[in-house]
Structure formats: C-alpha cells, structure tokens
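Each chain gets a letter, A, B and so on, in the order the sequences are listed, and its residues count up from 1.
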There are 2 protein chains.
Amino acid sequence: MTTTSPADLVTVCRTIDDLKQKLQQLRWANAALTVGFVPTMGYLHEGHASLLRRSKRENDITVLSIFVNPLQFGPGEDLDRYPRDEQRDLLIAAEVGADLVFMPSVQEMYPVKPQTTVLVSGVTERLCGASRPGHFDGVGTVVSKLFNIVQPRRAYFGMKDAQQVAVITTMVNDLNMPIEIVPCPTVREADGLALSSRNKYLSPEERSQALILSATLRQAREWMRKPDLTVQELTSRIHASIASAPMAVIDYAEVLYYPSLEQPDGEQLLSGLEQPLIVALAVKFGATRLIDNMIMNPAKGEISSHV
Amino acid sequence: MTTTSPADLVTVCRTIDDLKQKLQQLRWANAALTVGFVPTMGYLHEGHASLLRRSKRENDITVLSIFVNPLQFGPGEDLDRYPRDEQRDLLIAAEVGADLVFMPSVQEMYPVKPQTTVLVSGVTERLCGASRPGHFDGVGTVVSKLFNIVQPRRAYFGMKDAQQVAVITTMVNDLNMPIEIVPCPTVREADGLALSSRNKYLSPEERSQALILSATLRQAREWMRKPDLTVQELTSRIHASIASAPMAVIDYAEVLYYPSLEQPDGEQLLSGLEQPLIVALAVKFGATRLIDNMIMNPAKGEISSHV
C-alpha cells in the first residue's frame with residue numbers, strides 16, 4: 001500500500017534556482033508561453049483559489065508562491081503566529097492545478113541582510129501604511145523580488161487588500177515592470193465575512209461580531225446613494241455602525257479617493273465627487289486585526305469589490 | 001547630393017513602446033538571443049565606447065541608452081549644464097555598432113511624478129552618497145526602470161563610478177534582478193586623466209591641475225605596498241598630495257573597504273587588511289567636480305581599476 005503525499009501532486013520548488021530551471025523546462029519548446037503568478041503568504045482559502053483559477057484561465061503556466069515575508073511584519077505584529085499549513089496548501093494548489101509552487105525559506109529569499117528597499121510614497125501614507133509603519137516597504141521589496149524571480153506576464157491580487165493593489169500597481173507603473181497587475185474581487189463567506197487567513201483566530205463570539213465589517217460596507221453602499229450626504233457624515237455613520245459591535249476596536253475607518261488614497265474634503269457632498277471612493281476598514285476583535293473595503297463611485301455605482 | 005544624418009546610421013528609439021517593439025523584431029526568430037545594455041547620460045567618450053565594444057563581444061544585441069536623469073541631480077547641481085551632443089553620440093554609437101539607441105524624453109520616462117524609489121542603504125552612506133544626498137536614490141530608480149524596459153542579460157558600467165557599481169550590484173543581488181552586472185576598467189587619457197563627460201568644462205589650467213587625481217592614485221598604489229603604514233597615515237598622505245594642486249578643493253578623499261564601502265579602523269596597518277580597499281576621490285576644480293578611484297588589495301595587488 002502506498003500513500004500519496006500532497007507534495008507528489010504538484011511540483012514544489014524550494015530554491016530560486018530550482019524554480020527558474022523548472023520554469024525554463026516548462027517553456028523550453030515555446031518561450032512565448034505566458035506565466036501567471038499568484039503570490040501569497042499561504043494558509044490558502046477560497047480567495048487565493050479564485051486567483052489561481054483566474055490565472056489558469058488567462059495564462060499557459062500558473063505559479064503560486066507561498067512565503068511569509070518577515071520584512072512586512074512590524075515589531076509586535078503576528079509574524080510568529082501567522083498561520084501555516086503546508087500540506088493543506090499543497091492539496092489546494094494541486095486541486096486548482098497550479099503548475100509550480102514556489103516555497104522558499106527566509107534564508108533563500110534573504111541570504112544576507114538586504115540593503116535595498118522598494119519604497120512607494122503617496123498611496124502608502126494612510127490606512128495600513130499609517131498603522132503598520134514599514135509594512136508596504138516590505139511588500140514592495142518582496143513583490144519586486146518575486147516578480148524578478150518568476151518573471152510573470154500577469155500577477156493576481158485580491159481586492160481585500162485594496163491598498164496593496166494600489167501600492168503594487170503604482171510600483172509596476174513607476175518602474176516600468178513588464179507585468180500586468182490583475183485585481184480580483186474579494187471572496188466572502190455566505191454571511192458576508194471576507195475570507196482571510198487570520199479568520200481562524202476569531203473566537204465564535206468575535207467571528208459573529210466581525211460581521212459588522214461587511215454589514216457596515218453594505219450600509220455604506222446605501223448611504224452613498226444619498227446625494228446630500230457629506231464625506232464627513234458618511235465617515236461618522238460608518239464609525240457609529242462599527243461601534244455597535246461591542247468587541248470592535250477601530251484601527252481605521254476612512255473614506256478616501258481610490259486608487260490615489262488621498263483624502264477628500266470632509267465638507268464635500270458625495271454627489272459632487274467624480275472619482276471613485278474607497279470605504280476602508282481595519283478593526284481589531286481581540287488580538288485579531290481584520291480589514292475589509294468597498295470601492296464605489298457615488299455617481300456610478302460599485303466598482304471592484306462586492307459586499 | 002544627399003547628406004547622411006547620424007540618425008540614419010543607427011536605430012534610434014525615443015519611446016518605450018518603440019524600443020520594445022524593435023527589440024522584439026530583433027529577437028523574433030530566436031528569443032534566446034542575449035541583450036547587452038550600456039546605460040549612459042550621453043556625451044559619449046572612449047570610456048562609453050569601451051563598454052559598448054565589450055557588450056558587442058559578449059551579447060547578440062547591444063542596446064545603448066542616453067538619458068540625463070533629473071532624479072539623480074540635486075538642487076544646485078549641474079543638470080541644466082550637463083553636456084549634450086546627440087549627433088556626435090549617434091555617430092559614436094553607429095561606429096561602435098550599437099544595435100539600438102534608446103533616447104527617451106523626461107516626459108517619456110516620468111509621465112507622472114514618480115511615487116516609487118529604489119533605495120539602497122549601506123553602500124550609499126559615504127562618498128557621493130554623503131556629498132550628493134538623494135543621488136543614488138535617483139540612480140537606483142532610473143536603472144531599475146531601464147532594466148525593466150530593456151530586460152538585458154548583462155549591463156555594463158565603468159569602474160570610474162565605483163560606488164555606482166557597488167550600489168547597482170547590491171540592488172541587483174538584493175532584488176534578484178535576472179541581470180549580470182559587468183564592471184569595466186576606467187579609461188584614461190594618455191596623461192592619466194580619467195575620461196568624463198564633465199572634463200570638457202575644465203579650463204587648460206584646471207585640466208592640467210586635475211592630473212593630481214590620477215597622480216595621487218598612482219602614488220597611493222606605491223604607499224599601499226608599505227606594510228607599516230596605517231589607514232589613517234595613507235589617508236593623510238592622499239589629502240596632502242591632492243592639496244599640492246592649488247586649485248583643488250577636496251570634496252572627499254577616503255580609504256574604504258570595497259565593495260561594502262565601510263570604513264576600516266584608521267589605526268589598522270594596511271598589511272593586516274584582508275579585504276580590498278578603495279581609494280576614492282572627489283575633487284572640485286572651479287565649478288567642475290571630478291571623481292576617480294583605485295581598488296587594491298594591499299596584500300595582493302591592484303584589482304579592478306588601473307591608474
């Protein structure tokens with residue numbers, strides 16, 4: 001009797017050289033084959049699977065990376081307790097049909113203390129850029145490294161991290177990286193909770209109260225249709241809505257332009273705004289910090305997330 | 001009677017799209033053809049030509065870029081008076097046999113105010129990094145952009161800008177850029193003056209006194225062979241030697257480890273140093289700032305520059 005390990009079902013590369021060699025083998029007959037890339041920190045859920053499926057549809061070869069990047073965690077953040085489950089991740093990768101899974105060690109990615117940082121300003125000033133100093137420097141740097149290693153035609157990111165999408169799109173445009181960034185809709189549980197690897201930390205009571213995030217976004221969508229509401233009034237209503245969950249501790253709850261992430265004048269009427277707005281939330285339930293968002297052009301309707 | 005313009009002798013691309021298209025045409029039959037890249041700020045001299053010739057020898061296709069990058073000039077520096085001569089540059093490019101010349105406008109390279117910076121720490125702390133704040137941020141950023149546009153296998157840089165070579169090598173290694181950086185020896189006039197586009201600004205008297213740079217480096221090479229000399233003593237002798245030219249105003253004259261550009265203990269005997277050292281000079285003659293350097297392992301002899 002033989003048992004099949006998940007690692008037998010999908011090709012796993014743990015070194016940069018191995019990944020490059022395997023990619024070259026896959027493309028040996030035809031260098032024009034396109035590579036789609038889904039960079040993740042693992043502990044995969046249906047959100048990640050949706051990115052992989054889209055990459056499969058749009059590219060000849062799909063590469064998944066799983067790397068919990070120390071550079072994007074601040075002191076006191078949850079690097080050490082970030083959830084990991086390699087075997088389960090490989091099963092999902094195999095099921096979805098990823099062609100290569102790149103799982104480097106920290107030593108492989110950072111053999112010496114890196115002196116180079118890819119720094120994005122502007123779009124990183126507010127939201128997670130403000131509440132997690134250095135976070136996006138770590139994101140920009142590791143995504144640059146992964147892009148240079150994998151050299152994909154397209155890379156797929158979930159809109160749950162809308163600021164991350166804005167940061168990476170800015171970086172790719174500014175640095176002329178030959179890669180198309182494909183933002184994909186947030187995937188939710190049936191009751192509205194946005195999927196996140198961190199959801200597993202929620203107690204049943206926290207899990208139940210965390211529904212206030214998507215409920216508030218759905219409410220905000222209705223409020224944004226009222227032409228005589230100002231940005232400030234909308235923001236206050238959002239804060240009040242989240243505060244109705246007694247365990248919720250707001251990190252931020254802001255209404256900004258998207259993708260510039262600049263702050264509109266609070267006195268401005270929503271009906272007068274021509275650019276899309278993002279309602280961006282980061283809220284702690286116990287030790288677990290969750291984020292969610294919705295993007296909408298008040299004049300034209302919802303854009304790239306659905307709640 | 002027809003006249004031939006230099007632009008008829010070599011293929012010039014002024015937009016990113018045009019360059020990419022022309023590169024694709026050159027590689028259409030064989031994607032494995034290698035691209036060598038020589039990024040410059042133009043006003044080409046024999047130093048640049050030597051890089052181009054080496055790229056021609058080692059690659060199937062050679063791309064020259066000419067772009068005076070505003071991002072790497074500080075306020076009050078010589079951006080506006082940096083020498084330009086497009087016609088002469090194209091003649092040299094044609095003569096050496098560059099396959100493509102990329103000459104973008106500032107608008108083409110920076111269509112919007114860039115928010116992304118590629119920042120290298122450590123090796124940028126001293127020398128030109130200290131005396132030209134922000135200079136290497138501009139270099140790292142523009143070289144990243146050019147690398148992403150041209151996607152070369154190899155890129156060629158002159159060792160006259162030894163710190164630039166250290167910065168770019170660090171960046172390429174840290175970010176896993178799939179490019180080999182090839183440092184090439186400084187090219188000199190018969191009397192020792194290192195070639196530089198800025199030499200044209202020297203008055204005959206300044207030109208004559210500027211020979212103190214290479215003369216001091218030659219002297220330093222001899223001094224470094226004395227086993228009982230300390231780093232501090234060597235540095236003092238170098239300062240005194242440069243000061244013997246009355247018009248010389250020293251910006252810096254330092255002895256550092258190469259390529260880390262860290263400072264050795266001044267009390268250390270040269271004979272006890274295992275790592276290579278760089279003697280790096282930046283000296284002003286009138287309004288013109290010149291740099292030069294020599295790299296040597298006191299125990300083993302000269303390494304990558306010759307004076």
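- Comparing A:Val142, A:Val120, A:Leu146 by heavy-atom pairs within less than 4.5 Å of chain B, the highest count is held by A:Val120.
- Heavy-atom distances place no part of B:Val167 under 4.5 Å from chain A, backbone and side chain included.
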Give each N or O donor-acceptor pair spanning chain B and chain A at a distance under 3.5 Å, with atom names and distance to 0.1 Å, or state none.
residue, atom, partner, partner atom, Å
B:Gln115, N, A:Asp174, OD2, 2.7
B:Gln115, O, A:Ser121, N, 2.7
B:Gln115, O, A:Ser121, OG, 3.1
B:Gln115, OE1, A:Val123, N, 3.2
B:Thr116, N, A:Asp174, OD2, 3.0
B:Thr116, OG1, A:Asp174, OD2, 2.8
B:Thr117, N, A:Leu119, O, 2.8
B:Thr117, O, A:Leu119, N, 2.8
B:Leu119, N, A:Thr117, O, 2.8
B:Leu119, O, A:Thr117, N, 2.8
B:Ser121, N, A:Gln115, O, 2.7
B:Ser121, OG, A:Gln115, O, 3.1
B:Val123, N, A:Gln115, OE1, 3.2
B:Lys145, NZ, A:Asp174, O, 2.7
B:Lys145, NZ, A:Asn176, OD1, 2.8
B:Asn148, ND2, A:Leu175, O, 2.9
B:Asp174, O, A:Lys145, NZ, 2.7
B:Asp174, OD2, A:Gln115, N, 2.7
B:Asp174, OD2, A:Thr116, N, 2.9
B:Asp174, OD2, A:Thr116, OG1, 2.9
B:Leu175, O, A:Asn148, ND2, 2.9
B:Asn176, OD1, A:Lys145, NZ, 2.8

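- Only the side chain of B:Ile16 comes within less than 4.5 Å of a heavy atom in chain A; its backbone stays farther off.
- Under the salt bridge (Lys or Arg N to Asp or Glu O under 4.0 Å) criterion, no residue pair touches residues 30-40 of chain B, with sequence neighbours excluded.
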